[in-house]
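Here is the naming used below: chain letters follow the sequence lines, and residue numbers restart at 1 for every chain. Source: prediction; values computed, not measured. Hydrogens, waters and symmetry mates play no part in the numbers below; they use all other heavy atoms, side chains included.
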Number of protein chains: 2
Amino acid sequence: MAVDREQVLRSAAALLTRKSTATMDEVARAAGISRATLHRHFAGRDALVRALESLGIAECEAALEAARTDEGPAADAVRRLVRAMEPSTALLAFLYTENQLFEGDEQNEGWARIDAGLTELFRRGQESGEFRIDLTPAWLTEALYGLLASGAWAVAEGRVARNDFTHMIVELLLGGALRREEP
Amino acid sequence: MAVDREQVLRSAAALLTRKSTATMDEVARAAGISRATLHRHFAGRDALVRALESLGIAECEAALEAARTDEGPAADAVRRLVRAMEPSTALLAFLYTENQLFEGDEQNEGWARIDAGLTELFRRGQESGEFRIDLTPAWLTEALYGLLASGAWAVAEGRVARNDFTHMIVELLLGGALRREEP
DNA sequence: CCTGTGTGAGACAAAGGTGTCTCATGTGGG
DNA sequence: CCCACATGAGACACCTTTGTCTCACACAGG
């Protein structure tokens, strides 16, 4: 029967997130297929990583779309966004640490669009007075990526409950660790 | 003249942070020495990574010590800690993403001590009422690692000014992105 | 029933990285 | 001045991974 391309990418992402040096053979076995079949669907390791990148970009853009980041209070938009991104975090954590993607100094333009969307959201929050202005939108964007990766990693290692994922990330990103008098 | 072992480790960390798959030859050239000499000082790639791990652990423990995390308000202790860790963040960013270190499922006990120190700091902050209690100490510890790595990455890419590093991380970790009425 | 398509298993050469060795060089200390 | 020692350069075999190929098999559709 025909191989489910997306399911292969899913298992590859899960494996590569844990062990970024996994061989094509390990990736194939993790997907329950043979190395030959894996090669028939993805010309090589590069093609596989590029396909994972495309999948990650597509899911990020879908999440940005679904979260309607240009509507309502920016804080609520961030909450919707993180919730929408949650299923993709394992994949994103892998891609975030795969700095090899930028070696060709020509990073996929999809990332630029996503970065722009996130930066715009934080900028909008600053303009509306919701977010503080001493933390730049670029840093908040970077921090969101980092927290998503950390969260995915912590969940995978069992240090954080999967159910708390969105809450932990959103609350830390928006509210910080300090306790406040008024909610 | 004798090779400066620490300087070799520094340049190796800087290179491997950018390109974790760099070969021994690339590491050697980045350090300005030959592959043969690199091999004389570090038996192999594993030994090199282990040495980097030991260096990272030593610097983290030194930072924990220097920051006196058990003294004064926990928030101030976090500020001192991040400031003390700043010079080590490039190395830490590499080690944080080098999940291969835990393959032998026997992670260096040094990390356990550091984790314990950080967790204890956040726990103390919760107990004193400074930190909110809905974010677990384990998650705050993980988030600190993630933000340090993100920050190091953002600085290396030029997306954040190096001078703002400590401020960006501490303020986001403690205060979050939301603007507050009272300082 | 037959055929075509997709798959698994294995063989194979090529490429790249690794670890070890030798030898020449250059430098600092005695 | 001379010697010991550390280094650089290169050669070498070995190993792992990769990419390709072949062949047999299973299964679904005609």
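- Evaluation of the salt bridge (Lys or Arg N to Asp or Glu O under 4.0 Å) rule for B:D25 yields B:R29 as partners, not counting sequence neighbours.
- The distance from atom CD of A:E26 to atom C1' of D:dT18 is 14 Å, rounded to the nearest whole Å.
- Pairs engaging residues 132-153 of chain A under the salt bridge (charged side-chain N to carboxylate O under 4.0 Å, His left out) rule: A:R132-A:D134, A:R132-B:E171, A:E142-B:R159 [sequence neighbours left out].
- Between the P atom of D:dG10 and the CD1 atom of B:I33 lies a distance of 16 Å, rounded to the nearest Å.
- Summarising the geometry, the separation between NE2 on A:H41 and P on C:dT5 is reported as 15 Å, rounded to the nearest angstrom.
- Scanning for salt bridge (Lys or Arg N to Asp or Glu O under 4.0 Å) contacts around B:E157 gives an empty result, with sequence neighbours left out.
- Atom C1' of nucleotide C:dG17 and atom CG of B:L38 are separated by 13 Å, given to the nearest angstrom.
- Ion pairing between A:R50 and A:E53 holds under the 4.0 Å rule for side-chain N and carboxylate O.
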| In the 5'-to-3' direction, what one-character label does each nucleotide of nucleotides 19-25 of chain C receive under the scheme B = base within less than 4.0 Å of a protein heavy atom, S = sugar-phosphate only, - = no such atom? | BB-B---
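- For B:R68, the salt bridge (Lys or Arg N to Asp or Glu O under 4.0 Å) test picks out B:E71, with sequence neighbours left out.
- Distance A:D4 CG to C:dT7 C1': 15 Å, rounded to the nearest Å.
- Whole-Å rounding puts the B:R29 CZ to D:dG8 P distance at 11 Å.
- Under 4.0 angstrom from either OP1 or OP2 of C:dT7 there lies no side-chain N or O belonging to A:T37.
- For B:E120, the salt bridge (Lys or Arg N to Asp or Glu O under 4.0 Å) partners are B:R123, not counting sequence neighbours.
- Taking atom CG of A:D25 as the reference point, atom C1' of C:dG8 lies 12 Å away to the nearest angstrom.
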